[in-house]
Structure formats: structure tokens, C-alpha cells
Amino acid sequence: MSGVPREKWSKEFSRWFDWVLEEAGIYDYGRYPVKGMGVWLPYGFQIRRRVTELIRDILDSAGHEEVLFPLLIPEHLLRKESEHIRGFEAEVYWVTHGGAEPLDVKLALRPTSETSISYMESFWIKSYRDLPKKFYQIVSIFRYETKATRPMIRLREVTTFKEAHTVHESFEDADRQVGEAIELYKCIFDELGIPYLISRRPEWDKFAGAVYTVAFDLVMPDGRTLQIGTAHHLGQNFTIPFEVRIQLRDESLDYAWQTSYGISDRVVASLIAVHGDDRGLVIPPNVAPIQVVVIPIPVRDEQSREKFNNYLKKIEEILTSNNIRYHVDLRDDVRPGRKFYEWEAKGVPVRIEVGIREAEAGTVVVVRRDTLEKQTVKLEELGAVLKKLFEEIRENLRKRAWEWLNSHVTRVETVEEAQRVLSEKRGVIELPWCGREGCGLELEELVDAGVLGSPLRRPEWVKGKKCPVCGRPAVTSIRLAKKY
Ligand code: 5CA
Ligand code: ZN
């Protein structure tokens with residue numbers, strides 16, 4: 001399908017990823033002298049901006065309101081919910097001084113914002129009439145991660161943390177909100193052509209302070225999974241300590257119910273990872289900073305030059321009038337072949353090559369980045385052809401990414417099969433499961449992998465199957481993978 005190999009992409013994914021971030025000018029990581037923190041470069045920033053715009057559009061249209069909370073959280077707020085602080089204690093950065101003065105109250109760099117937001121909600125929300133309330137912000141958060149840090153994937157400063165926080169009058173309405181969050185995330189990932197598996201995380205691996213957690217996972221090119229988003233039902237776990245009390249419909253008072261859901265720089269990382277190939281990035285046209293790059297083939301003959309330049313102008317007019325984001329690469333010290341290579345690495349979805357021959361014939365050569373297929377297009381048809389091509393590229397990328405994910409999810413019934421599949425191609429394995437924590441934990445040991453959780457609905461195929469650990473009837477399936 002694709003004309004470009006994906007050998008390095010899959011077999012040496014970590015190196016490929018580092019290479020592509022640098023080669024395409026996305027993110028400078030490793031040179032900044034604080035571990036786990038990198039710099040968004042101009043081209044990467046443009047991609048990030050389009051992704052965050054997409055996220056904002058989708059959340060806004062579903063009734064979310066963007067807010068901006070302070071970065072610092074006083075220690076007593078962060079400690080108010082005991083499970084939460086237990087989960088984050090080891091990952092918090094503390095501000096202890098202002099100049100030379102020790103602070104009276106230690107201040108945390110937010111690792112996430114349930115505590116500060118719940119605190120303020122206790123002043124704002126008084127009645128079921130104020131609900132549901134859906135806030136979000138897109139901010140930096142800080143986590144002193146101890147696992148190996150990686151650019152965009154495991155950061156200590158997460159610079160693109162979209163955290164949504166909602167408040168509800170009942171458990172059921174918060175439950176429904178988790179369902180809405182899942183639909184919104186599907187929408188975001190679908191727009192980007194990023195495939196996902198949705199799992200309910202097991203009890204022992206839910207968010208610190210949640211009643212339950214639903215997670216989106218992706219299979220990366222090396223077969224390991226990456227959690228790309230989570231949605232949590234928080235119950236009344238934060239509203240009780242923070243006293244977010246509301247008047248209910250029957251006029252009684254009760255604590256409100258909450259959810260939170262977050263995604264991060266990992267969305268951009270997965271956009272880069274899932275669509276790439278050995279030549280570099282392939283960016284879906286809807287978020288590509290440059291959708292079309294025009295490479296003029298140098299004209300030697302002086303007399304033809306003016307005619308050629310006029311022809312280039314015409315091409316630009318067509319691109320402009322079609323609202324296409326384009327760039328004409330006019331560098332005269334760089335050969336066309338080198339230009340092709342650079343723009344391919346940057347993942348520009350379409351390249352237009354034009355020389356004097358095309359100018360005379362009233363055509364251009366159009367090359368799509370995903371398959372490298374070439375076609376000669378008449379100038380009058382260029383606008384329409386490009387629009388159609390953008391859709392085809394998007395669809396092709398999405399399809400290829402889903403096929404890759406689906407071919408890396410394997411149903412097995414025994415521990416031995418699970419071990420074999422995981423060692424051969426990694427990915428996700430699904431086993432019948434009795435639902436007990438003990439068996440889940442033992443499976444993690446036996447197959448040397450992490451649990452992702454179970455599908456939201458009981459899968460049909462486990463009917464009549466047995467848990468491979470205890471032999472009891474399976475009530476659901478359990479997913480395991482080598483995780484990032
Ligand atoms: N307060 C909740 C919902 S906003 C929360 O913090 N959930 S979380 O801890 O699961 O984080 C949300 C998402 O952020 C995760 O699913 C993961 O995709 C991403 N994320 C978490 N830690 C990091 C990190 N160190 N680097 C990059 N992304 C991260
Ligand atoms: Zn069991």
C-alpha cells in the first residue's frame with residue numbers, strides 16, 4: 001500500500017522517533033539541561049497548535065468552558081484527599097523558597113488540578129441548578145517521573161496537559177459524563193487518525209482518587225502500548241474533603257459528584273508515531289502546518305524564466321483561493337532532490353513539482369507523501385484534485401493505523417500462548433479472566449507484562465471460557481501488554 005518501507009520505524013522505533021523529532025524540527029529534547037523537559041520548535045509548535053485547536057473546538061462544542069488555574073498548589077490543598085496525595089507524593093516538585101526566604105506554606109507545582117479546582121468549586125457551586133459544570137484547561141503540569149523519561153511520551157514537564165474537570169448532581173450523571181468523555185476522545189483521535197483500544201483499568205491501577213478509570217491505549221510501532229488518555233469517575237472523593245456541597249432537587253444537601261479526563265503531549269507523539277515511515281513524518285492534511293509544498297525545478301534559460309515565474313504565481317493563486325496552507329521552496333542553493341528529502345521528513349502531505357515543461361503544458365506533478373504516488377494534473381483541476389487527495393490521504397492513514405492496531409491485538413486462551421505472542425510481536429493480548437485481582441496480578445508475573453484492563457462491555461468470545469490462572473469461568477477478558 002505505502003511505497004515507503006517501515007523497517008526503521010518498527011524495528012528501531014526509539015531511534016526513529018528521536019531522529020524524526022530532530023530532522024523534522026519538531027522538538028529539541030535532551031539538550032535542555034533539565035531532565036524530562038524539551039523545547040517545542042517552530043514546526044512542531046505549529047502541529048501542536050493545530051492539535052490543541054482541534055481539542056478546544058471539540059470540547060467547547062460539547063459545552064466545556066476553558067479556565068486557567070494557578071500553577072502553584074499549597075501543600076494543605078494537595079494533601080486534603082488522602083488517596084490522591086498517596087498516589088502523587090513521590091512525583092511532586094515543591095517550591096520551598098521565595099528568594100532566600102523559606103516559605104511558610106510549601107507550594108506544589110501542580111501534578112494535576114483536582115485539588116485546586118475542587119477548592120474553588122466549593123465557592124462557586126451551590127445548587128443542582130448550576131450543574132453539570134464542565135471546565136477544562138490546557139497547561140503545563142509537573143511530575144517527577146522515575147521511569148525512563150522520553151520526549152513527549154514521559155515528560156517531567158508535561159506542556160500540553162488538557163485536563164477537564166466536571167461536576168454533577170448524581171453518581172449517574174457523572175457516570176454518563178465519563179461516557180461523554182469517551183465519545184469526545186474518540187472524536188479527537190478519529191480526527192487525527194489515531195487508533196485506540198478502550199479499557200476499564202483494573203482496581204489496582206486506577207487514577208489516585210478515582211472510583212474507576214477508563215483508558216485509551218495505542219500500540220506503538222515497536223509493539224509496546226502507550227496510554228494516550230484517561231477518564232475518571234471521581235465519585236465524591238474530592239467533593240467531601242473540599243466541601244463542594246449542593247442543594248439537590250428535593251432541597252436536601254449533598255456533596256456533588258465529579259469526573260476528570262486528561263490527554264497530553266502524547267497525542268502529538270502518537271500522531272507522529274502511528275503515521276510515520278522510514279522517510280519521516282506523514283502528517284494528516286487537516287493538522288499539517290503546510291499542506292502542500294511547491295518545488296520549482298530550476299529554469300536555466302533566461303528567456304523562459306519570466307514565463308515560469310508567472311506560472312508559479314498562478315499556482316499560488318489557486319492554492320490561496322482554495323484556502324490551502326502552502327509553501328513555495330525557492331531556495332536556490334539547495335537542489336530539488338534535497339528539498340524532496342527534507343519536506344518528506346517533515347511529513348508535508350502533498351508535494352507539487354513544477355518545471356518549465358509543466359509550465360508549457362499547463363500542468364503540475366502532484367506527489368502524495370503517504371504512498372509517493374505521482375500524477376500529472378491540469379492547472380484548472382488542481383484545486384479539486386488537492387481537496388480530494390487530502391481526504392484520500394487522511395482516510396488512507398487512518399485505515400493503515402487501524403489495521404496496524406488490529407493486527408497487534410491477539411486473543412489467546414493460555415499463558416504459554418500469551419508468552420509466545422508477546423515475545424514474537426508484542427502488541428496486546430486478550431485472555432479470558434475470572435475478574436479477580438489475584439489472578440490479574442499473577443498473569444502480570446506469568447507473562448511478564450502489564451494489565452491494561454478489560455473492555456467496557458463483556459466480550460462475547462469469553463463465553464464458556466475459563467480463567468487461565470484459577471480455572472473459574474471467565475466473566476470478561478483481560479488485556480496485557482508491554483507498556484510504555
Ligand atoms: N487528573 C487526571 C485527569 S486530567 C489525570 O491526571 N489523569 S492521568 O494521570 O491519567 O493523566 C492523563 C493523561 O496524561 C494520561 O492518560 C497520559 O496520556 C498523560 N500523561 C500522564 N503523565 C504523563 C507524562 N509524564 N508525560 C506525558 N504524558 C503524560
Ligand atoms: Zn482467575
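In each ligand, atom 1 is the first atom listed, and ligand 1 is the first ligand listed.
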*Should the pair Y196 and W402 be assigned to parallel (<30°), tilted (30 to 60°) or perpendicular (>60°) ring geometry?*
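Y196 and W402: perpendicular rings.
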*Kindly assign one of parallel, tilted or perpendicular to the pair Y27 and W40, based on the angle between their ring planes and the thresholds 30° and 60°.*
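The rings of Y27 and W40 stand perpendicular, inter-plane angle above 60°.
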Regarding [X] and [Y], does a basic nitrogen lie under 4.0 Å from an acidic carboxylate oxygen?
X: K483; Y: D217; result: no
X: K133; Y: E121; result: no
X: E413; Y: K465; result: yes
X: D277; Y: R369; result: yes
X: E12; Y: K8; result: no
X: R15; Y: D18; result: no
X: E403; Y: K399; result: yes

*Kindly tell me which protein residues have any non-hydrogen atom under 4.0 angstrom away from an atom of ligand 1, grouped by chain and ordered by number?*
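Its neighbours under 4.0 Å (heavy atoms only) are T112, E114, R143, E145, M152, I153, R154, L155, V158, F161, E163, F207, Q227, I228, G229, T230, H232, S260, Y261, G262, S264, R266, given by chain and number.
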*How many protein N, O or S atoms are found at a distance of less than 2.8 Å from the Zn ion (ligand 2)?*
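Step by step: take the Zn ion (ligand 2), keep protein N, O, S below 2.8 Å, and you get 4.
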